[in-house]
Amino acid sequence: RCVNCVRWSSSGQFLGSASDDKLVMIWGAVRYEGSESESYKCLHILRGHDSDVLDLAWSPDDSYLASSSIDNNVIVWNCRNFPEKLTTLKGHDGMVKGVVWDPIGRYLATLR
């Protein structure tokens with residue numbers, strides 16, 4: 001599978017990845033006592049897109065995660081209750097290449 005995008009949450013607590021297998025994965029750091037290295041384990045797998053997921057955007061307060069896809073949709077996920085989908089934005093007439101929240105986390109902008 002090809003990973004198309006990785007994005008840190010605003011707090012730095014989580015890392016999200018988007019890939020060609022239609023999945024969004026949420027990763028968390030695992031630290032081992034006595035070791036200076038850090039590794040990550042998958043905490044959640046988010047399913048809902050029908051095709052490759054191209055981009056991710058965490059809201060400024062980390063309450064929401066938006067994912068965009070070749071399936072022409074943007075899904076907004078509830079970060080406080082993964083894998084809950086809050087809404088699917090279906091108004092695009094082509095693949096959605098990018099997504100970003102405004103600085104206060106009220107609006108989404110998408111790139112088609």
Side-chain angles (χ1 to χ4, degrees):
R1 91 181 166 212
C2 175
V3 175
N4 296 314
C5 172
V6 292
R7 300 274 187 249
W8 289 110
S9 62
S10 300
S11 68
Q13 183 178 3
F14 301 108
L15 182 66
S17 64
S19 57
D20 283 355
D21 58 5
K22 310 175 193 176
L23 301 178
V24 174
M25 298 177 79
I26 307 301
W27 303 84
V30 178
R31 295 196 173 111
Y32 298 100
E33 189 174 328
S35 174
E36 292 183 25
S37 65
E38 183 173 273
S39 60
Y40 290 82
K41 79 175 201 176
C42 182
L43 304 175
H44 304 283
I45 298 174
L46 310 181
R47 292 176 171 87
H49 285 289
D50 294 327
S51 193
D52 306 10
V53 185
L54 298 179
D55 198 17
L56 299 172
W58 298 86
S59 64
D61 67 355
D62 289 340
S63 293
Y64 311 109
L65 177 66
S67 57
S68 65
S69 172
I70 290 176
D71 66 9
N72 303 355
N73 296 323
V74 172
I75 297 177
V76 179
W77 306 90
N78 181 356
C79 297
R80 295 190 175 130
N81 191 30
F82 283 130
E84 180 186 353
K85 277 194 282 186
L86 293 176
T87 191
T88 301
L89 307 174
K90 299 181 178 183
H92 299 85
D93 61 1
M95 75 171 100
V96 188
K97 297 177 188 172
V99 62
V100 66
W101 290 92
D102 75 290
I104 60 170
R106 189 169 178 190
Y107 300 104
L108 278 171
T110 59
L111 172 65
R112 188 179 70 71

Going by chain and number, the hydrophobic cluster around M95 (ILVMFWY, side chain to side chain under 4.5 Å) further includes L54, I70

For the student: nearest non-hydrogen atoms of L56 and C5, plus distance: N-SG, 3.7 Å

List the steps and the verdict of side chain to side chain contact (heavy atoms under 4.5 Å, CB included) for I75 and L46. CA-CA 10 Å; I75 297 177; L46 310 181; over 6 Å; no

Quick one: does D62's side chain get under 4.5 Å of C79's, heavy atoms only? no

Answer yes or no: is there a side-chain heavy-atom contact under 4.5 Å between I26 and L65? yes

Do the side chains of R112 and D93 get close enough for a salt bridge, i.e. N-O under 4.0 angstrom? yes

Considering all heavy atoms of both residues, which atom of S10 and which atom of S59 are nearest to each other, and what is their separation? OG-O, 3.3 Å

Looking at every non-hydrogen atom in both residues, tell me the closest pair between G48 and K85 and how far apart they are. CA-NZ, 4.0 Å

Residues in side chain to side chain donor-acceptor pair (under 3.5 Å) contact with R47, at least two apart in sequence or another chain: none

Which pair of heavy atoms, one from W27 and one from S17, lies closest together, and at what distance? NE1-OG, 3.0 Å

Pairs flagged by ring pair (Phe, Tyr, Trp, His ring centres under 6.0 Å) wherever residues 76-112 is involved - sequence neighbours left out: H44-F82, Y64-W101

Quick one: do V76 and L108 satisfy side chain to side chain contact (heavy atoms under 4.5 Å, CB included)? Show the steps, please. CA-CA 10 Å; V76 179; L108 278 171; 3.8 Å; yes

Any donor and acceptor pair, going by atom type alone, linking the side chain of S51 with main-chain N or O of S69 inside 3.5 Å? no

Please round to the nearest 0.5 Å and tell me the distance separating atom NZ of K22 and atom NE2 of H49. 11.5 Å

In short, D55 meets G98 closest at the heavy-atom pair OD2-CA, 3.3 Å

